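These figures come from a predicted structure and were not determined experimentally.
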Amino acid sequence: MRKIIKILGKPGTGKTTTLADKMLEKINEGHSFDDIMFITYSRSASRAMYQKLYEKEIERKQLRNFGTIYKLANKTLNLSDENYIGIDDFIKFSNEEGVMFDPSMFNVRKLNEVDEFGLSGDSSAYVEGNILFNWWQYLKCVFVTNDRIEKAIRCFYGLNYNQQKTLSHRSVDHLISLYQLWEDYKKSKRKYEYQDMLQEILLEQIEYVDPFLFAFVDEAHDFGSLQIKVLNMWCSDDYAREEYICYDPLQTIYRFTGSNPNVVAGIEADEHIVLGKSFRVPEKPWMVATRLAKYINDDSMDGIKPSDKVGRVVFVDDLLSFLKNNKWDTSISTFFLLRRNEDVRNLMNFMERNRFPVRGIGRTYTIWDIKYFRDVYNLLVCLDRGIVPGREEVRSLVLRLPASLLKRGVKQDFKTRKYKYWGEDGSVKLFEDKFSLFYGLFRGDVGSVHDVKDVIIQPKVKFSNSQRRYLLNTSGRDLLTRDLKWFTGTFHASKGLEAENVFLFDYSLRDDWDLLDETRLSYVGVTRTLDSCFVVGYRDGGGFIEQFI
């Protein structure tokens with residue numbers, strides 16, 4: 001008879017470490033890793049577990065039954081690249097059925113990324129084809145069978161007001177017909193989307209390909225009905241002896257992908273373990289998180305202690321003044337988190353205008369995520385400050401330049417003999433006048449940072465227009481970012497991550513947003529911090545998070 005152990009783990013309480021230790025207990029009892037299944041929802045959680053076991057000198061090749069539920073489903077069905085729906089399929093179907101579709105706003109992942117989030121639940125979708133493809137996969141997570149999915153389509157289940165409005169020119173019967181045609185299209189080509197794998201496994205009762213005795217489930221709060229039913233089928237009493245389920249109902253923030261805290265709550269357990277102390281979140285941010293939990297009548301924080309640090313929670317009325325009036329070190333990990341992707345884009349523009357460097361989290365991508373851009377930027381800052389640039393900073397510039405702008409053989413030397421001018425540790429060797437060494441790499445009269453910028457503006461130099469504009473305005477007054485740890489992204493993208501400082505941009509709730517979901521989302525944002533939480537005020541006040549400070 002299978003024994004089910006549920007582990008309640010709040011942010012920073014060591015959920016991954018606890019699961020890793022439980023696995024190693026089984027190994028020490030004489031079992032092998034082939035007897036163990038580790039299953040989770042996101043690739044970041046999977047990587048975290050690999051890292052924990054690696055620290056225990058466990059090699060990755062020993063872990064055969066490890067990964068996200070999608071990765072293990074792919075293994076069970078023995079699928080290849082050709083079995084996955086690609087962007088061409090979405091375009092072809094949309095054209096054939098007269099459905100508007102924007103491929104530039106649709107993220108299709110390859111097989112080697114199959115253990116990342118699926119396509120379902122993009123709440124920002126605004127074109128009807130994008131809405132439909134996301135919506136149908138979401139409905140599979142919630143309702144599983146096609147007859148129930150078609151009933152959900154009739155009542156526009158899971159769509160917000162704007163998405164319903166976009167689809168309102170089509171009858172309900174036509175929407176159901178499109179769903180059926182899309183399912184037929186995939187079956188005729190034996191192609192899958194992410195949830196299709198799980199649906200087939202469940203409806204066809206396909207057992208997991210390799211037998212195991214112990215199941216360890218991380219991030220169970222991110223699972224929806226479909227994922228939990230597949231898990232229960234795989235972990236039946238005929239196979240598994242024990243099943244460890246790690247969860248935190250307050251971290252259920254992927255409702256748009258079908259996750260539901262009630263699904264995990266409904267699993268009856270033989271034993272309950274509560275991890276009693278957070279080793280990440282300081283006292284003051286923890287108090288805000290506790291107030292958020294109480295606001296939705298969730299008492300799962302009761303009795304769990306914060307870290308030993310006091311920490312800070314600070315309200316910021318004017319972000320620009322706050323950043324300019326405080327000395328900030330870009331090597332100290334800092335998150336700038338916002339509710340919506342469009343707000344993230346606006347912040348990126350704001351930070352760029354005011355010359356604050358920031359990288360991206362999740363799907364957010366900035367020019368600072370490009371290493372060669374960071375290197376060349378730092379090279380210009382160093383030259384203007386009178387600091388000798390490092391080897392990689394020089395190398396990144398040299399490799400962006402046409403050979404005609406450099407002395408003979410320089411570019412090839414930096415490609416194949418990168419230690420010729422700078423030592424392996426990045427230090428300059430053999431030359432006393434280190435700046436002369438750098439400027440001596442160029443043809444012509446190059447002897448200052450302004451001359452280097454004149455080189456950068458030449459058309460054949462490989463920088464985008466936005467990169468070139470930024471570099472031309474760079475000076476020694478800018479921040480040196482050799483170890484840039486400032487990041488921006490959505491609250492959702494920050495889940496599972498942590499930073500010393502976290503800036504949460506407050507917002508007001510829309511009428512079609514769920515209060516429970518937004519409260520959990522704020523809880524996740526607040527609990528990312530290792531030290532300080534800064535709440536940036538919402539316009540003229542009245543933000544949702546402000547009331548809990």
Side-chain angles (χ1 to χ4, degrees), residues 85 89-102 105-108 117-189 191-205 222-230 252-263 265-266 509-518:
I85 286 290
D89 295 294
F90 291 115
I91 294 172
K92 180 180 179 181
F93 180 84
S94 299
N95 289 340
E96 289 177 352
E97 301 303 329
V99 174
M100 289 287 293
F101 176 69
D102 183 357
M105 298 296 292
F106 212 68
N107 194 7
V108 180
F117 298 121
L119 295 170
S120 63
D122 184 359
S123 59
S124 63
Y126 64 93
V127 178
E128 63 172 349
N130 301 52
I131 294 171
L132 289 173
F133 292 127
N134 280 311
W135 185 34
W136 293 336
Q137 285 288 288
Y138 164 75
L139 293 178
K140 283 194 176 184
C141 288
V142 178
F143 296 106
V144 182
T145 61
N146 287 336
D147 58 338
R148 293 189 65 203
I149 292 170
E150 290 171 11
K151 289 179 181 178
I153 291 174
R154 290 193 176 278
C155 60
F156 293 94
Y157 184 93
L159 294 183
N160 62 40
Y161 172 77
N162 290 328
Q163 291 171 331
Q164 291 185 38
K165 186 176 180 180
T166 301
L167 301 178
S168 62
H169 68 291
R170 298 185 185 273
S171 69
V172 172
D173 288 338
H174 190 195
L175 292 175
I176 292 174
S177 175
L178 286 173
Y179 170 72
Q180 294 169 340
L181 289 169
W182 178 235
E183 292 300 295
D184 291 342
Y185 175 94
K186 290 184 289 187
K187 288 177 182 176
S188 68
K189 298 180 179 297
K191 288 193 172 184
Y192 294 79
E193 295 177 85
Y194 278 18
Q195 315 310 335
D196 300 341
M197 294 189 291
L198 303 184
Q199 185 192 47
E200 179 174 313
I201 286 170
L202 183 62
L203 297 182
E204 299 297 327
Q205 292 290 289
D222 289 332
F223 285 17
S225 180
L226 177 59
Q227 290 98 336
I228 289 294
K229 287 180 178 179
V230 169
T252 303
I253 63 172
Y254 298 124
R255 287 289 292 271
F256 53 79
T257 62
S259 64
N260 188 337
N262 297 326
V263 174
L509 302 189
R510 287 190 346 195
D511 292 339
D512 57 344
W513 287 353
D514 185 276
L515 178 61
L516 295 176
D517 291 348
E518 299 308 315

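Ring pair Y138/Y157 is parallel by interplanar angle, where below 30° counts as parallel and above 60° as perpendicular. Using the six-membered ring where Trp is involved, F156 and W135 have ring planes that are parallel, under 30° apart on the 30 and 60° scheme.
In terms of modelled atom types and a separation under 3.5 Å, the side chain of S259 and the main chain of Y254 share a donor-acceptor contact. In this structure, Q195 contributes its side chain and C141 its backbone to no donor-acceptor pair below 3.5 Å. Side-chain N or O atoms of Q164 include one that pairs as donor or acceptor with a backbone N or O of L159 at under 3.5 Å.
Interatomic distance, E128 CD to D102 CG, rounded to the nearest 0.5 Å: 12.0 Å. With values rounded to the nearest 0.5 angstrom, E97 atom CD is found 5.0 Å from L181 atom CG. Here CG of N162 is found 11.0 Å from CG of L167. Values are rounded to the nearest 0.5 Å. For the atom pair CG (L198) and OG (S225), the distance works out to 11.5 Å, reported to the nearest 0.5 Å. One finds the CD atom of Q180 at 11.0 Å from the CD1 atom of I149 (value rounded to the nearest 0.5 Å). Atoms NZ and CZ, from K151 and F143 in turn, are 10.5 Å apart once rounded to the nearest 0.5 Å.
The shortest side-chain heavy-atom distance between W136 and I153 falls under the 4.5 Å cut-off. Two residues are said to be in side-chain contact when any heavy atoms from C-beta on lie closer than 4.5 Å; F90 and W182 meet this criterion. You'll find the side chain of L178 reaches within 4.5 Å of the side chain of R170, heavy atoms only. R510 is listed as a side-chain neighbour of N160, based on a closest heavy-atom distance under 4.5 Å. Between Y192 and I85, the closest side-chain pair of non-hydrogen atoms is not below 4.5 Å.
In this structure, a donor-acceptor pair under 3.5 Å is present between the side chains of N146 and Q199. Using a 3.5 Å distance cut-off with no hydrogens or angles, the side chains of D173 and S171 do not pair a donor with an acceptor.
Here the closest non-hydrogen pair linking F101 and G129 is CD1-C, 4.0 Å. Shown here for P261 and T252, the closest heavy-atom pair between the two residues is CD-CG2, 3.3 Å. In plain terms, the two heavy atoms of V142 and G258 that are nearest each other are CG2-CA, 4.0 Å.
A salt bridge links K140 and E183; the closest N-O separation between the charged side-chain nitrogens and carboxylate oxygens is under 4.0 Å.
Stacking of K189 on the aromatic ring of Y185 is recorded, both the 6.0 Å distance cut-off and the 45° axial limit being met.
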Practice problem: Given salt bridge (Lys or Arg N to Asp or Glu O under 4.0 Å), test D196 with K186 step by step and report yes or no. | Solution: CA-CA 9 Å; D196 300 341; K186 290 184 289 187; 2.8 Å; yes
